[in-house]
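What you see is a predicted model; the values in this text were computed from it and never measured.
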Amino acid sequence: MADLSMIQYVLIGLTFVWSGFVRSGLGFGGAVLSLPFLLLIHNDPLAYLPIISVHLLVFSSLTIAMNNRSGSNAGRPAGGTVDWRYLGRILAIMIVPKLVGVFGLITLPNTIMSVIIFTIVAVYSLSYLLNRPFRSNSRALDTVFLMLGGYISGTSLIGAPLIIAVAAQHLKKEQLRDSLFALWFILVTIKMAAFIYVGVDLQLIHHTWLLPCAAIGHIIGLQAHARILKAETPVFFRVLGGVLLTISAVGLWQGLMAG
């Protein structure tokens, strides 16, 4: 990322503000709703994933700590805002596919990885447009969704919709966001360990200015979280789905032409 233009840097900064807002507002989507934009600015998934990973580690841990600190009991469910027992159950299902996905990310060429990411996001965008988010209706389907979500999370950090399709049916609403934050923290720690082991550039110098960008979005998202929980927002997600589908189509076209 050292040779990008000033316009590209500005666009990347704005995208990370958006990423921080989505992550804290919804509890998921910081990667799936920002990677398509980032890859159109600079088509290199491995340049962004370490940055997104660090942001998730920082802001998820801070949010969980703040919501469970002593003396902060307003609206907090008994036992805290994280259901650790349930997280242990789903992690046992996801861990092997997660590791396989991490290996695929490290070994696949950037062009192929970008095409995979845009294809996945296009599928998600259609579910938003049709107002038919992924749902799981059986234990067997739960397992399939969690395994696929773990694998996709390993390749690109955008497996959240499949994982949430299962988790949202088994977690209390008050525990959903922070439980997801705890899950992302564990999964991303595995990915970061793999990055460090194989010598992936962690883009450390760019954290100095992109972390504040994500922090701005995170603070705005925290303020919006309570309203989002109370309100149904199908129109918002349909507009978002349309934008994502358009971006994914452009990204797929560019990736296929480059290939």
> Shortest non-hydrogen contact from Val82 to Leu87?
Replying inline: CG1-CD1, 3.8 Å
> For Thr119, what residues pass the side-chain contact (heavy atoms from CB on, under 4.5 Å) criterion, not counting sequence neighbours?
Replying inline: Val115, Leu252
> Considering only heavy atoms from C-beta outward, does the side chain of Ile93 approach that of Arg89 to under 4.5 Å?
Replying inline: no
>> Please enumerate all residues that pass side-chain contact (heavy atoms from CB on, under 4.5 Å) together with Met192, with sequence neighbours excluded.
In response: Ser53, Val54, Leu57, Val188, Phe195, Leu202
>> Distance alone, cut at 3.5 Å: any donor-acceptor contact between the side chains of Ser19 and Arg23?
In response: yes
> Is atom CG of Leu126 surrounded by more than 12 heavy atoms (other residues, nucleotides or ligands) closer than 6.0 Å?
Replying inline: yes
>> Per the side-chain hydrogen bond (donor to acceptor under 3.5 Å, both in side chains) rule, what does the pair list look like for residues 190-213, sequence neighbours excluded?
In response: His206-Trp209
>> Are the side chains of Lys98 and Leu91 in contact, using a 4.5 Å heavy-atom criterion?
In response: no
> Can you list every pair that meets ring-ring contact (aromatic ring centres under 6.0 Å, His included) and has a residue in residues 153-194, with sequence neighbours left out?
Replying inline: Tyr86-His170
>> Quick one, Phe59 and His55 - any side-chain contact, counting heavy atoms below 4.5 Å?
In response: yes
> Thr246: what forms a side-chain contact (heavy atoms from CB on, under 4.5 Å) with it, not counting sequence neighbours?
Replying inline: none
>> Heavy-atom count check: over 12 atoms from other residues, nucleotides or ligands less than 6.0 Å from Ile7 CD1?
In response: no
>> Within the 3.5 Å criterion, strictly below it, is a donor on Thr63 or His218 matched to an acceptor on the partner's side chain?
In response: yes
> Which residue pairs pass the side-chain hydrogen bond (donor to acceptor under 3.5 Å, both in side chains) test when at least one of the two sits in residues 30-42, sequence neighbours left out?
Replying inline: none
> Given Phe16, which of Leu11, Leu38, Leu211 fulfils the side-chain contact (heavy atoms from CB on, under 4.5 Å) condition?
Replying inline: Leu38
> Below 4.5 Å, heavy atoms only, C-beta onward: do Ile95 and Leu187 meet side chain to side chain?
Replying inline: no
